[in-house]
Trainee: 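Okay, handing you the structure first.
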Amino acid sequence: MSRNYVALLGTKGGPAIRPGSSMPTSNLLCLDGQQMVVDCALGVTRGLVDQGVQLKTLSRIFITHLHSDHYLELGPLLHTAWTAGLKTSVDVWGPAGLNDYWDGFLASMKADIDLRIEDEGRPDLRTLLQIHVIDEGVVMQQDGLTVSAIRTEHPPLIDCFALSFKGTSKHVVFSGDTAPITALEDFARDADLLVHEAMLESALPALLERVGNGSDKLMEHWLRSHTFAHDAARTASNAGVRQLALSHLIPSDDPDYGEQDWKNAVADHWDGALHVGTDGLRIDL
């Protein structure tokens, strides 16, 4: 098994799931044999297990921003890892406000946590998590790994980040949620892989109708806060990255659109290695 890879655990943009749809955003990154989780949407726990990850070995998690399709299952993931044998510290890096989420999750599960400590002799889950608030710049330097962040354009949120992971020989960048920004080109310069969110422009009207309880405000949010596939391709090309993966796909579950539509959308701007995200797809670096 490669010591350097990315597994796209969930590739759907947005929090809703429907029959036949993929799961929202989460990723597994392995650099120099070190495993990290990037975003924790609904389904991340199952996705990790399907990749052969022993949950009790979790140690590093990164959250790009506080939209539910990026952190909804953080608490359940850690609780499930704890019941699967986790007894060592887990470091979580993410935006300000993540502490409130974790405190609320612990409060909601207090009876269960207390019971399992008393009845099963487990360590206190509340002592195992360390949350680190991130800002632009170097986020972490440990064990030959450097993680950096820049703010993206994802209104109305301010604390929304793209993340760069550099190991001893490989470099991976996750765009996070963002409208097109030129700063990402330098941030991802010569990366081995850029995982970039993507929308299909022609598919958005049908998606809005299918959502059913949105309005023109939802369409306005997509247009000001996300990136069309062709713009993601332009960013990747300008950055000189070696591989491009489209993920956080909007839409990901419309039967009228498939892999070829995504390929067609980027064809004028990208001729390198392309991966159209599907849940469970593993990309070697």
Side-chain angles (χ1 to χ4, degrees), residues 8 10-16 24-27 38-39 41 62-71 94-97 134-137 139 148-165 172-189 191 193-208 211 214-241 244-252 254 257 261-262 264-270 274-277:
L8 306 178
T11 55
K12 180 185 180 298
T25 304
S26 57
N27 308 276
V38 182
D39 283 331
F62 296 84
I63 303 297
T64 59
H65 66 290
L66 300 186
H67 267 154
S68 60
D69 55 325
H70 293 262
Y71 77 113
I134 66 176
D135 206 336
E136 290 191 298
V139 170
S148 303
I150 61 169
R151 273 188 174 78
T152 63
E153 186 70 23
H154 191 55
L157 293 182
I158 301 299
D159 291 332
C160 186
F161 298 94
L163 296 175
S164 162
F165 296 81
V172 177
V173 173
F174 294 86
S175 73
D177 281 13
T178 186
I181 53 173
T182 56
L184 191 56
E185 296 174 9
D186 285 335
F187 190 64
R189 184 73 59 199
L193 174 66
L194 171 62
V195 181
H196 203 299
E197 69 135 272
M199 297 190 299
L200 273 179
E201 186 171 8
S202 61
L204 294 186
L207 175 60
L208 182 63
V211 168
S215 68
D216 289 343
K217 286 187 175 181
L218 179 56
M219 179 67 78
E220 291 168 2
H221 168 75
W222 290 335
L223 295 179
R224 74 174 184 270
S225 302
H226 293 284
T227 301
F228 291 128
H230 58 265
D231 286 322
R234 185 181 291 111
T235 295
S237 182
N238 290 344
V241 304
L244 170 63
L246 302 180
S247 192
H248 194 277
L249 302 179
I250 302 175
S252 69
D254 189 331
Y257 296 90
D261 295 287
W262 294 99
N264 293 343
V266 306
D268 289 342
H269 303 286
W270 177 255
L274 175 68
H275 308 275
V276 179

Trainee: Under the salt bridge (Lys or Arg N to Asp or Glu O under 4.0 Å) rule, collect the residues that match up with Asp254, sequence neighbours excluded.
Mentor: Arg210

Trainee: At what distance, to the nearest 0.5 angstrom, does CG of Asp135 lie from CD1 of Ile150?
Mentor: 12.5 Å

Trainee: If you compare all heavy atoms of Ala232 against all heavy atoms of Leu246, which two are closest, and at what distance to 0.1 Å?
Mentor: CB-CD2, 4.2 Å

Trainee: Between Leu193 and Val173, does the side chain to side chain contact (heavy atoms under 4.5 Å, CB included) criterion hold? Intermediate values first, please.
Mentor: CA-CA 6 Å; Leu193 174 66; Val173 173; over 6 Å; no

Trainee: Any chance you could measure Ile134, atom CD1, to His65, atom NE2, to the nearest 0.5 Å?
Mentor: 11.0 Å

Trainee: Listed by chain and number, what are the side-chain hydrogen bond (donor to acceptor under 3.5 Å, both in side chains) partners of Ser148, not counting sequence neighbours?
Mentor: none

Trainee: Show the nearest heavy-atom pair for residues His248 and Gly14, with the distance to one decimal.
Mentor: NE2-N, 3.9 Å

Trainee: Of all the heavy-atom pairs spanning Ala239 and Glu185, show the shortest one and how long it is.
Mentor: CB-O, 3.4 Å

Trainee: Can you give me the closest heavy-atom contact between Leu244 and Ala233, atom names plus distance?
Mentor: CD2-CA, 4.0 Å

Trainee: Just do the side chain to side chain contact (heavy atoms under 4.5 Å, CB included) check on Met199 and Thr227 with the steps written out, would you?
Mentor: CA-CA 6 Å; Met199 297 190 299; Thr227 301; over 6 Å; no

Trainee: I'd like to check Leu184 versus Thr152 (side-chain heavy atoms, cut-off strictly below 4.5 Å). Are they in contact?
Mentor: no

Trainee: Run Asp39 and Tyr71 through side chain to side chain contact (heavy atoms under 4.5 Å, CB included) and show every step you take.
Mentor: CA-CA 6 Å; Asp39 283 331; Tyr71 77 113; over 6 Å; no

Trainee: Going by the rule side-chain hydrogen bond (donor to acceptor under 3.5 Å, both in side chains), which residues pair with Arg189 if we only count those two or more places apart in sequence or in a different chain?
Mentor: Asp186

Trainee: Do the rings of His154 and His226 sit parallel, tilted or perpendicular, given the 30° and 60° boundaries?
Mentor: perpendicular

Trainee: Between Asp268 and His230, does any side-chain donor sit less than 3.5 Å from a side-chain acceptor?
Mentor: no

Trainee: Are Tyr257 and Ser202 packed together at the side-chain level, in the sense that at least one heavy-atom pair is separated by less than 4.5 angstrom?
Mentor: yes

Trainee: Using a 4.5 Å cut-off on heavy atoms from C-beta on, say whether the side chain of Leu223 contacts that of Leu204.
Mentor: yes

Trainee: Tell me the closest heavy-atom pair linking Ala188 and Leu194, and the distance in Å.
Mentor: CB-CD1, 4.3 Å

Trainee: Quick check for you: to the nearest 0.5 Å, what is the distance between Leu157 atom CG and His70 atom NE2?
Mentor: 9.5 Å

Trainee: Can you name the residues that form a side-chain hydrogen bond (donor to acceptor under 3.5 Å, both in side chains) with Asn264, not counting sequence neighbours?
Mentor: Gln260

Trainee: State, yes or no, whether a side-chain contact exists between Trp262 and Leu249 at a heavy-atom distance under 4.5 Å.
Mentor: yes

Trainee: NE2/His275 to OG1/Thr11 distance, rounded to the nearest 0.5 angstrom?
Mentor: 14.0 Å

Trainee: Could you check if a side-chain atom of Thr178 sits within less than 4.5 angstrom of a side-chain atom of His196, using non-hydrogen atoms only?
Mentor: yes

Trainee: Set out, in order, the CA-CA distance, both residues' side-chain angles and the distance that settles side chain to side chain contact (heavy atoms under 4.5 Å, CB included) for Asp159 and Arg151, then state yes or no.
Mentor: CA-CA 7 Å; Asp159 291 332; Arg151 273 188 174 78; 2.6 Å; yes

Trainee: Is any side-chain heavy atom of Thr235 less than 4.5 Å from a side-chain heavy atom of Phe187?
Mentor: no

Trainee: Taking only residues two or more places apart in sequence or in another chain, which ones pass salt bridge (Lys or Arg N to Asp or Glu O under 4.0 Å) with Asp261?
Mentor: none

Trainee: Does the separation of the ring centres of Phe62 and Phe165 fall below 6.0 angstrom?
Mentor: yes

Trainee: side-chain contact (heavy atoms from CB on, under 4.5 Å) with Ser237: which residues, sequence neighbours excluded?
Mentor: Trp270

Trainee: State, with a plain yes or no, whether a side-chain heavy atom of Ser225 is found less than 4.5 Å away from one of Glu153.
Mentor: no

Trainee: Less than 4.5 Å apart, any side-chain heavy atom of Trp222 and any of Leu207?
Mentor: yes

Trainee: Are Asp69 and Thr25 linked by a side-chain donor-acceptor pair shorter than 3.5 Å?
Mentor: no

